[in-house]
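In each ligand, atom 1 is the first atom listed, and ligand 1 is the first ligand listed.
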Amino acid sequence: MIALKSPEDIETIARAGAIIAHLYRELPERAGPGASTRDLDRFAESFIRDHPGAEPAFKGLYGFPATLCTSVNYEVVHGIPADRRHLLEGDIISIDCGVKLDGFYADAAITLPIGEIPPDIERLLQVTREALESGIERARPGNRLGDVGAAIQTHAIDAGYGIVRDLVGHGIGREPHEEPQVPNYGKAGKGMPLEVGLVLAIEPMFNLGAAEIRTLPDRWTVVTADRAVSAHFEHTVAVTPAGPRVLTV
Ligand code: MG
Ligand code: MG
């Protein structure tokens, strides 16, 4: 079942989303060489809880132990923050975070460079960010879900990147993961019509190598099968009469 959101619901999600966006403006200066992923997680948790009524949405979700998912280099998503995991110059880190506020969830992800990174990896980040922007642009009434995936997919194909297919975006609202699934591939003009009030987490994951992924024995951390690096960007987006509205800004 698809739960469409009222304008008031969307405002609440936007208030939750603004906390994540603010957090993501604070994190880059803290994500330097030598910082541990657990340092970032501690900062994020206290930052979120400093906002009255806001709580980290991922902590405890399905048993996940932290506020942030911190996925370094060839880790794709769901990396667990750890005191012993120190960031190094030239790494990239994908950070994924959800916030719950007044009964609604928002969800967003960014991939940050740690110091100087090689040009081919810089480009992976840039292309994945652009793919997200293209997907968001298609999230408007009159379009279909396949338009979003098709727009995202084009960027990966043009650049020769692997698209993670086993993990997808999703509806979001009173639950952190709602229907529909939002694949990062698809056929333009196909799939569910996009209606006003639909709120989607759109989240391309592109790999510098092949598409295949594995889950590590910790049962959380998803990595690329070929250990090539991976980038992840995500926004929560409402379909409104005026077009897409990004709620995690
Ligand atoms: Mg997310
Ligand atoms: Mg998500």
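Between Glu203 and His232, the side chains place a donor N or O and an acceptor N or O closer than 3.5 Å (distance only, hydrogens not considered). Defined by atom type and a distance below 3.5 Å, a donor-acceptor pair is missing between the side-chain atoms of Glu122 and Gln126.
Exactly one of Leu112, Ile114, Asn73 qualifies for a side-chain contact (heavy atoms from CB on, under 4.5 Å) with Ile92. That residue is Asn73.
Residue Glu45 places its CD atom among more than 12 non-hydrogen atoms of other residues, nucleotides or ligands, all under 6.0 Å distant.
Of all protein N/O/S atoms, those under 2.8 Å from the Mg ion (ligand 2) are Asp107 OD2, His170 NE2, Glu203 OE2, Glu234 OE2, and waters are not counted.
Comment: Glu11 engages Arg245 in a salt bridge, judged by a side-chain N to carboxylate O separation of less than 4.0 angstrom. A salt bridge links Arg42 and Asp83; the closest N-O separation between the charged side-chain nitrogens and carboxylate oxygens is under 4.0 Å.
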